[in-house]
Each structure stands twice: as C-alpha cells, then as structure tokens.
Amino acid sequence: MSDHRFFPHTDTDISEMLAACGAKSLDDLYSDVPEELKLRQAYALPAEMCEKELRDYFSRLGNENRHMVCFAGAGYYDHYTPAVVNAILSRSEFLTAYTPYQPEISQGTLQYIFEYQSMMCELTGMEISNASMYDGATATAEAMIMAVNSSRKKRRVLISATVNPAVAEVVATYARYHDIALEVIPEHEGITDRAEFEAMLQAGDVAGVIVGYPNYYGIIEPFDGWADSCHAAKALLIMNCQASTLGVLRTPASLGADIVCGDAQSLGMPLNFGGPYLGYMCTTKALMRKLPGRIVGATTDRNGQRVFVLTLQAREQHIRREKATSNICSNQGLMALHTAVYLSLIGADGLKRINDLGFGGLRYLADGLTATGRMRLKYPEMPFVNEAVFRITDPLNADIILEETARQGILAGVKIDECELLVAVTEMQTKEDMDRYISIVKNIQL
C-alpha cells in the first residue's frame with residue numbers, strides 16, 4: 001500500500017474484501033478486462049507542485065485551447081450567460097443544497113424549484129412541470145414510458161424521423177429495455193410525412209407519438225391537427241422542443257400536446273463540454289400522477305404565511321416500488337436554479353430579442369453564403385428560427401469547409417452528410433464573424 005498512501009483501506013480490509021468476492025488478488029478483480037486495454041506503465045503525472053506552480057501549470061494548459069466562434073447547434077447552442085446567474089449559483093446556500101426532505105429548513109430550495117416550474121409552464125403553456133431531469137434525451141425517453149404507462153396495454157410508440165438523431169438513439173435504448181415497439185415515421189422534404197403518420201396511427205396499438213419542434217433541421221413543422229388525430233386513436237402527442245425558441249413559437253399546449261419535453265440548455269447554459277444540462281418535462285393535470293420526479297407546490301402554514309412543500313414525489317423512497325416512476329432526485333436541482341435565474345433576468349421580451357437576433361443573423365449568413373455560389377439553404381421555403389441545413393455545391397464538401405473554417409477559428413456547423421451542414425446562429429455571433437465565415441467559404445482553394 002506504500003504506493004497509494006492516501007487510500008484508507010488497510011491490508012486487512014483488502015484481504016477481507018477479496019475473500020468475500022472469492023478473489024485471490026486485486027488483479028483477479030480485473031481479469032475480464034482485455035490485456036490490450038490495461039496500462040502497463042506508470043501514469044504520466046508530474047512531480048508535486050506548490051500552489052503557484054500548479055496554477056501556472058493549468059494556465060499554460062488552458063492557453064493551449066483554441067477559442068472558436070461556434071456556428072454549431074444540433075440541440076445545443078452557444079448562448080450568453082448573464083454574470084448574475086453564476087454569481088447566484090455559486091452561493092453556498094444553493095451550491096450545497098440537497099433534496100428538500102424537510103420543508104421547514106428548505107424554503108429557499110423549494111421556492112426556486114417552484115419558480116422554475118412556474119416559468120416552464122408559462123413557456124410551454126402546459127399545466128404541470130416536474131422539478132427537472134437529467135437531460136433532454138432522457139426526458140424524451142421518460143415521456144415515451146409515461147405514454148405507455150398511461151395507456152396500460154399499448155406498447156407501440158411512433159417517433160418522427162426529423163427528431164434529433166441523438167435523442168432518437170436514447171429513446172430507442174429505453175424502448176428496447178422496456179419492451180416498447182418504437183417505429184419511425186418517415187420524413188418528406190425535411191418534415192414529418194403527415195400521410196404516413198396517419199396511416200401508422202390507424203394501424204392501432206399506438207400509445208404515443210414523438211415529434212420535434214423545431215425539428216432537427218431547424219424547421220418549424222405545421223403540427224395543427226396532429227393532437228386531434230392522436231387523441232382520436234387514444235394516443236398521446238409528445239413534443240420535444242428547443243426551450244429558447246418557445247419564446248417566439250406557438251406554445252405546444254396551443255397545438256394540443258400532452259407532454260412537452262426537451263433540453264433547457266438553450267436557456268443560457270454554457271456548452272461546457274456537454275454538461276451539466278437540464279431535461280425538462282411539462283404535461284397536463286390529467287397526467288400528473290404518471291410524471292417522473294417531483295412537484296413543488298405553494299400552500300400556507302398554520303400562521304397563514306405562504307410556504308412551499310413537495311406535493312408529489314413519485315419515487316421508490318416514498319411509494320411502492322412497482323408504482324414508482326424514475327428516481328429523479330437532486331441531480332439537476334442546481335441547473336433548475338440556473339434556468340429560473342436566467343429566465344427571471346431575460347424575461348419574455350429578452351427571449352424574443354434573442355430569437356430575433358438568431359433568425360436575423362442566420363438570414364444574413366444564408367444570403368452571404370448563397371452569394372458565394374458554394375452553399376445554399378436546402379429547404380429555402382420552410383420556416384426556421386435560428387438553425388437551418390445548408391447544401392454544399394460540388395466540388396466542395398462538408399469536411400473541406402469544416403477543416404478550413406476550423407483552421408481560421410470558426411466551427412462552421414454540424415455535418416449531416418458529405419454535402420450538408422447544419423448551421424446555427426445565436427446572439428453570440430457578430431456580423432464580423434458571419435462575414436469572415438462567408439469570406440472563408442468564398443476563398444477556399446481546391
């Protein structure tokens with residue numbers, strides 16, 4: 001143990017553990033790991049450092065990062081985070097808060113969760129919001145399970161081909177291990193095929209239908225009447241929505257959605273290498289008992305003062321295990337606070353302004369790229385908000401554009417196929433950034 005002097009386990013502890021496991025040595029515990037995956041050399045760790053040396057070391061590492069202008073989206077977007085958000089999140093009262101089991105000492109945590117729920121209901125138009133989930137993909141998978149549980153006997157769910165592929169893959173994984181038959185509704189010209197949807201729905205045994213709003217290509221699909229078709233077939237309409245765009249789009253509730261879910265990352269959360277992000281889920285009062293997670297409500301105490309309490313906890317700690325939904329706990333509480341602070345600062349007018357800037361910027365970029373003769377909108381007649389697919393003209397391709405723009409400090413988009421890029425614009429990219437993007441594409445030498 002001399003090589004690992006900070007480990008708390010004694011030789012006796014290790015011997016007892018090995019005996020309980022039926023192993024002769026620590027190496028036996030890893031015998032199923034292929035030899036080619038095992039590190040057969042010392043870790044490349046530097047010698048010990050004092051505090052200043054350590055800070056200097058990591059500063060040098062940080063300076064090796066390339067700071068690029070981000071035009072990539074595909075579900076996660078480069079938005080500005082007001083300084084107030086991080087200042088509030090870093091307060092110890094919030095940073096160390098855990099699940100508010102005792103309401104009498106957890107009023108601050110309960111209140112911000114209540115405010116988060118209220119804002120998400122206003123954003124989506126729905127009646128009920130839970131108190132956050134892990135991310136948008138798992139929230140959508142949970143919505144699928146919720147639809148199946150609500151139908152009791154139906155095990156078939158339809159998902160549009162225009163839903164973000166990363167989300168669809170997670171949903172498919174959940175479906176596989178919950179014995180749910182997940183079928184894909186084909187797309188046509190960038191939107192879900194309405195005729196195919198109706199035909200698949202009429203085949204029967206459908207518990208729910210999952211669509212994207214806006215869809216993966218940034219298109220705002222016309223979903224009027226979809227909920228009526230779903231409800232006539234006794235199925236639920238699930239809408240996976242980019243949260244920020246709901247500041248300008250028709251609410252999912254006005255389109256008849258039963259469950260609205262997705263990722264709230266677009267509400268000012270830094271991209272941060274993929275997380276932590278925040279899955280949200282909103283629904284109707286009729287489906288409240290099927291909702292995973294928890295709900296915070298407002299009431300009054302015996303002195304008539306307004307207080308906050310956990311009014312619904314559908315977790316296995318609180319009800320019979322077979323009746324429980326997913327164990328969604330305090331894992332995303334801090335990010336729910338992030339969303340509540342961000343929305344309270346930005347407000348409805350701010351969200352509209354952010355979407356206006358994204359739309360105007362993308363329109364400007366599209367006009368400039370089209371003028372080069374090398375890129376053009378793939379679906380020019382379709383409505384979009386801040387993201388769209390661009391078709392690349394031969395002999396250029398997506399890899400050439402991504403490589404050359406990256407070399408000059410721009411992340412040009414997300415590759416869909418060899419000749420298509422998904423490009424997003426937010427309030428973070430300036431006119432100068434867009435002009436540079438256009439210039440690079442125009443001047444690529446083959």
Side-chain angles (χ1 to χ4, degrees), residues 1-9 26 30 33 36-98 112 132 134-138 166 263-279 329-342 345 402-415 424 426-430 432-433 436-437 440:
M1 294 297 292
S2 59
D3 291 339
H4 306 286
R5 60 186 184 279
F6 298 112
F7 286 6
H9 313 102
L26 290 174
Y30 302 98
V33 178
E36 60 269 22
L37 298 181
K38 295 180 181 178
L39 185 65
R40 295 300 183 183
Q41 62 190 44
Y43 293 113
L45 295 176
E48 64 272 13
M49 302 177 189
C50 70
E51 181 178 330
K52 181 181 183 305
E53 290 171 331
L54 192 63
R55 287 181 177 273
D56 290 344
Y57 173 76
F58 281 108
S59 292
R60 288 194 298 272
L61 284 182
N63 290 334
E64 294 180 14
N65 289 328
R66 295 187 62 200
H67 298 280
M68 303 175 72
V69 179
C70 182
F71 287 92
Y76 305 99
Y77 305 90
D78 185 19
H79 284 288
Y80 181 71
T81 305
V84 175
V85 177
N86 287 330
I88 292 177
L89 257 65
S90 65
R91 290 185 62 92
S92 61
E93 303 97 313
F94 293 125
L95 196 58
T96 62
Y98 189 60
Y112 82 65
S132 80
Y134 181 67
D135 63 11
T138 53
D263 210 297
Q265 181 277 331
S266 59
L267 298 176
M269 293 182 194
L271 290 169
N272 198 32
F273 300 97
Y277 293 154
L278 171 70
C329 187
S330 54
N331 62 326
Q332 293 302 96
L334 196 64
M335 304 319 293
L337 172 62
H338 186 297
T339 302
V341 177
Y342 176 85
L345 289 167
L402 288 171
E403 182 178 345
E404 184 58 28
T405 53
R407 192 179 67 81
Q408 300 190 47
I410 289 178
L411 184 57
V414 175
K415 179 181 175 181
T426 69
E427 75 279 12
M428 296 292 281
Q429 296 81 43
T430 65
E432 290 73 24
D433 294 330
R436 189 152 60 92
Y437 188 150
I440 293 170

One thing to verify: whether Arg60 and Glu64 come together as a salt bridge, which I'm taking to mean a side-chain N less than 4.0 angstrom from a carboxylate O.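 Salt bridge: no.
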Which pair of non-hydrogen atoms, one from Gly73 and one from Val414, has the smallest distance, and what is that distance?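 Result for this residue pair: N-CG2, 4.0 Å.
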Shortest non-hydrogen contact from Ala412 to Thr405? CB-OG1, 3.3 Å
Listed partners of Asn272 passing side chain to side chain donor-acceptor pair (under 3.5 Å), at least two apart: none
For the pair Tyr112 (side chain) and Val341 (backbone), establish whether a donor and an acceptor sit closer than 3.5 Å, ignoring hydrogens and angles. no
Rounded to the nearest 0.5 Å, what separation is found between the [atom1] atom of [X] and the [atom2] atom of [Y]?
X      : Y      : atom1 : atom2 : value
Thr339 : Met269 : OG1   : CE    : 3.0 Å
Leu278 : Tyr134 : CG    : OH    : 11.5 Å
Asp78  : Ser266 : CG    : OG    : 12.0 Å
Leu334 : Ile88  : CG    : CD1   : 11.5 Å
Phe94  : Leu337 : CZ    : CG    : 5.5 Å
Asp263 : Met335 : CG    : CE    : 9.5 Å

Hey, can you pull the donor-acceptor pairs under 3.5 Å for the side chains in residues 79-87, sequence neighbours left out?
from  : atom 1 : to     : atom 2 : distance (Å)
His79 : ND1    : Glu427 : OE1    : 2.8
His79 : ND1    : Glu427 : OE2    : 3.3
Thr81 : OG1    : Gly268 : O      : 2.4

Is it the case that over 12 heavy atoms from other parts of the model lie below 6.0 angstrom from the NZ atom of Lys52?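 Open: at most 12 neighbouring heavy atoms sit under 6.0 Å from NZ of Lys52.
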Is the shortest side-chain heavy-atom distance between [X] and [Y] below 4.5 Å?
X      : Y      : result
Arg407 : Ile440 : no
Asp433 : Ile410 : no
His338 : Leu267 : no

Pairwise salt bridge (Lys or Arg N to Asp or Glu O under 4.0 Å) hits with a residue in residues 82-92, at least two apart: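 Every pair satisfying salt bridge (Lys or Arg N to Asp or Glu O under 4.0 Å) with a residue in residues 82-92: Arg91-Glu93.
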If the condition is side-chain contact (heavy atoms from CB on, under 4.5 Å), which residues does Glu403 pass it with, not counting sequence neighbours?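 Testing Glu403 for side-chain contact (heavy atoms from CB on, under 4.5 Å), a comparison that skips the adjacent residues, returns none.
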Under the salt bridge (charged side-chain N to carboxylate O under 4.0 Å, His left out) criterion, do Arg436 and Glu432 qualify, and how do the steps go? CA-CA 6 Å; Arg436 189 152 60 92; Glu432 290 73 24; over 6 Å; no
Run Asp56 and Ser59 through side-chain hydrogen bond (donor to acceptor under 3.5 Å, both in side chains) and show every step you take. CA-CA 5 Å; Asp56 290 344; Ser59 292; 5.2 Å; no
Mind checking what makes ring-ring contact (aromatic ring centres under 6.0 Å, His included) contact with Tyr76, not counting sequence neighbours? Tyr277
Not counting sequence neighbours, which residues clear ring-ring contact (aromatic ring centres under 6.0 Å, His included) with Phe71? List them please.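 Only Tyr437 meet the ring-ring contact (aromatic ring centres under 6.0 Å, His included) criterion with Phe71.
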